[in-house]
2 protein chains.
Amino acid sequence: METINVFDLIERMAALIRSEERKKCTELGLQPVHLQVMDYLSRCNRYSDSPAALTKYLGMTRGTVSQTLLLLEKKGYIQKIADVNDRRMVHLSLLTEGHAILTKAHPADLYSQASVIFNSNNSQENVFVNALTALQKANKSQSFGLCKTCKHFTTSQDGFFCNLTKEQLSQKDSEKICQEHTVI
Amino acid sequence: METINVFDLIERMAALIRSEERKKCTELGLQPVHLQVMDYLSRCNRYSDSPAALTKYLGMTRGTVSQTLLLLEKKGYIQKIADVNDRRMVHLSLLTEGHAILTKAHPADLYSQASVIFNSNNSQENVFVNALTALQKANKSQSFGLCKTCKHFTTSQDGFFCNLTKEQLSQKDSEKICQEHTVI
DNA sequence: CCAATACAATATCGATTCGAAACCTGATTT
DNA sequence: AAATCAGGTTTCGAATCGATATTGTATTGG
């Protein structure tokens with residue numbers, strides 16, 4: 001019996017995906033990581049729009065993320081705004097230019113491939129979700145789930161509320177990625 | 001309904017795995033790629049022990065692979081031998097030093113994690129194998145399966161035989177990775 | 001049979017990207 | 001107030017990419 005290494009399988013899938021993404025990206029004149037960053041920024045809430053969160057999400061080092069952000073800022077795709085309360089912290093946001101690039105890049109062949117590949121058995125998507133969750137647990141890294149699926153998320157008559165930060169949440173907030181996300 | 005992007009899931013799993021591997025590797029003073037290369041060389045047959053095959057397997061560029069091999073050769077972990085028939089080609093092989101490093105690195109925490117994570121549902125390993133195969137098909141990349149599971153593999157009274165290369169195969173050959181591997 | 005040409009495998013090189021560690025600055029703790 | 005910690009940046013060397021060059025093989029037309 002051959003011992004199949006799941007880690008190896010995952011890495012090779014990622015390698016294929018990356019090399020495919022690279023092809024797409026060179027046409028647009030940017031790196032895969034740039035799109036990843038902008039995609040994340042379009043899907044994260046105010047607790048998670050920081051370089052530190054990005055670092056954890058992407059699994060890169062702080063230095064690398066810092067460089068990437070510098071470049072994206074210089075190109076006019078994103079914006080940095082210092083936090084009012086904690087002046088160490090920086091909030092990132094996608095500018096209209098960035099949104100434009102993102103929508104231009106998104107409906108790529110890559111995703112049409114994905115649907116072809118996974119449409120037959122989309123119930124198995126859960127396997128991937130579970131695997132990722134398990135890996136995150138083993139690695140003690142955060143889950144980066146949607147706000148409204150979090151343990152700290154509650155809904156009252158005034159709307160939505162986070163029991164961790166003790167703050168009101170908008171409908172939009174609740175549908176975004178949060179780094180404080182905790183599985184119920 | 002949230003559209004879960006399987007590609008995103010895979011990439012994030014790979015990011016976690018890589019950052020974990022990097023920790024391990026820095027202790028040994030080498031890069032994750034180096035271990036991947038040596039692991040591959042320990043598991044491939046004579047049709048697949050070339051820089052070109054490695055390039056396809058790892059999803060990197062030829063230049064990068066060339067540099068990596070140069071380094072591994074300089075460190076005395078691998079060996080390059082020019083092909084007798086086609087002098088453009090190079091055959092790579094793992095030296096004893098390389099084997100030593102590989103076995104030293106292999107029983108890592110990484111793999112103990114893996115078993116913990118995936119032991120509950122190892123039947124689902126097939127999902128990963130299928131996903132990888134599908135991706136490889138979509139990408140028109142080769143499958144890199146085991147020789148003995150290939151369409152061109154036959155067994156006669158003289159032993160094993162490859163119908164593509166019309167050559168005899170040893171028992172060992174048949175249990176290694178081949179880049180010409182074609183699913184039955 | 002022999003150029004000439006197309007193709008294939010690998011190597012080389014400049015530019016870019018990334019990771020590791022040191023550093024800076026502001027917040028928190030003692 | 002000093003020490004410690006946390007978020008972010010800078011610096012530097014190593015790794016990677018993409019393009020080009022090099023070398024060897026196969027093919028084709030005379």
Side-chain angles (χ1 to χ4, degrees), chain A residues 14-15 18-37 46-75 78-92 142 179-180, chain B residues 14-15 18-37 46-75 78-92 142 179-180:
Chain A
R18 264 199 307 278
S19 73
E20 198 66 30
E21 274 182 337
R22 186 173 297 284
K23 274 185 229 160
K24 274 279 147 225
C25 286
T26 39
E27 293 169 19
L28 289 165
L30 26 78
Q31 301 290 324
V33 79
H34 297 156
L35 286 183
Q36 287 187 309
V37 167
R46 68 189 121 118
Y47 304 126
S48 313
D49 57 359
S50 66
L54 248 177
T55 300
K56 289 174 205 156
Y57 186 81
L58 295 175
M60 293 177 155
T61 61
R62 283 169 305 183
T64 304
V65 170
S66 181
Q67 301 258 32
T68 304
L69 294 175
L70 216 61
L71 196 102
L72 287 174
E73 192 185 22
K74 204 166 65 188
K75 286 202 177 187
I78 68 165
Q79 197 181 22
K80 290 187 196 171
I81 298 173
D83 190 285
V84 189
N85 301 88
D86 187 338
R87 278 150 61 82
R88 290 172 305 181
M89 270 187 35
V90 170
H91 291 279
L92 306 165
Q142 284 134 311
Q179 69 168 323
E180 306 298 344
Chain B
R18 265 199 307 277
S19 74
E20 199 65 29
E21 275 183 336
R22 207 177 303 122
K23 272 185 232 159
K24 272 278 148 225
C25 286
T26 39
E27 293 169 19
L28 289 166
L30 29 78
Q31 301 291 324
V33 168
H34 298 155
L35 286 183
Q36 287 186 310
V37 167
R46 67 188 122 120
Y47 304 126
S48 313
D49 58 358
S50 67
L54 248 177
T55 301
K56 289 174 205 154
Y57 186 82
L58 295 175
M60 294 177 156
T61 61
R62 285 169 305 206
T64 305
V65 170
S66 182
Q67 300 266 28
T68 305
L69 294 175
L70 218 60
L71 196 102
L72 285 174
E73 193 185 20
K74 204 167 65 188
K75 287 203 175 186
I78 67 166
Q79 194 181 23
K80 290 187 196 173
I81 298 174
D83 189 287
V84 188
N85 300 87
D86 186 339
R87 280 152 62 83
R88 292 173 304 184
M89 272 185 34
V90 171
H91 290 280
L92 306 165
Q142 285 136 310
Q179 69 168 324
E180 306 297 344

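All of these numbers come straight from a predicted model, not from anything done at the bench. We name chains A, B, ... by the order of the sequence lines, and we start the count at 1 in each one.
- Atom NZ of K56(A) and atom C1' of dG8(D) are 13 Å apart (whole Å).
- Taking every nucleotide of DNA chain C with any atom under 4.0 Å from a non-hydrogen atom of chain B, the first and last of them, 5' to 3', are dA8(C) to dA20(C).
- The CG atom of L72(B) sits 5.0 Å away from the CD1 atom of I78(B) when rounded to the nearest 0.5 Å.
- Atoms CE (M89(A)) and P (dT9(D)) sit 12 Å apart, rounded to a whole Å.
- Nearest to the side-chain atoms of V90(A) among the listed nucleotides dT16(D), dG8(D), dA15(D) stands dG8(D).
- Across dA14(D), dG7(D), dG18(D), the shortest atom-to-atom separation from the side chain of R88(A) is found for dG7(D).
- Put simply, T64(B) has no side-chain N or O that comes within less than 4.0 Å of OP1 or OP2 on dT16(D).
- Within the 4.0 angstrom heavy-atom criterion, only backbone atoms of the sugar-phosphate kind lie near V33(B); the bases stay farther away.
- Residue L58(B) contributes atom CG, which lies 15 Å from atom C1' of dC17(D) at whole-angstrom precision.
- Looking at every heavy atom in both residues, T55(A) comes nearest to T61(A) through CG2-C, 3.9 Å.
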Taking it one step at a time, do E21(A) and K24(A) satisfy salt bridge (Lys or Arg N to Asp or Glu O under 4.0 Å)?
CA-CA 5 Å; E21(A) 274 182 337; K24(A) 274 279 147 225; over 6 Å; no

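- Across all strands, K23(A) comes closer than 4.0 Å to no nucleic acid atom at all (heavy-atom distances).
- Contact record, S50(A) with Q179(A): OG-NE2, 4.2 Å, taken as the closest heavy-atom pair.
- The minimum heavy-atom distance between A15(B) and L58(A), with the atom names listed, is CB-O, 3.4 Å.
- For the pair G63(B) and G63(A), nearest-nucleotide mapping onto DNA chain D gives the more 5' position to G63(A).
- One distance of note links OG of S48(B) with CD of E180(B); it measures 7.0 Å at 0.5 Å rounding.
- One distance of note links CZ of R62(A) with CG of L69(A); it measures 13.5 Å at 0.5 Å rounding.
- Rounded to an integer number of Å, the gap from CG of L69(B) to C1' of dA15(D) is 14 Å.
- Rounded to whole angstrom, the span from the NE2 atom of H34(B) across to the P atom of dT16(D) amounts to 6 Å.
- D83(A) comes within 4.0 angstrom of no nucleic acid atom, judged by non-hydrogen atoms across all strands.
- Nearest-nucleotide assignment on DNA chain C puts the 5′-proximal partner with L71(A), out of N85(A) and L71(A).
- Among the heavy atoms of the strands lying under 4.0 Å from Q67(B) is at least one base atom, whether or not backbone atoms are also near.
- The separation between H91(A) atom NE2 and dG7(D) atom C1' is 12 Å, rounded to whole Å.
- Within 4.0 Å (heavy atoms only), R87(A) reaches sugar-phosphate atoms of the nucleic acid but no base atom.
- Protein atom NZ of K74(B) is 11 Å distant from nucleotide atom C1' of dA14(D), rounded to whole Å.
- The two residues T64(B) and M60(B) come nearest to each other via the heavy atoms CG2-SD, 4.1 Å.
- In this structure, L70(B) places its CG atom 13 Å from P of dT16(D), rounding to the nearest Å.
- With dT9(D), dC17(D), dG8(D) as the candidates, the nucleotide lying closest to the side chain of A52(A) is dG8(D).
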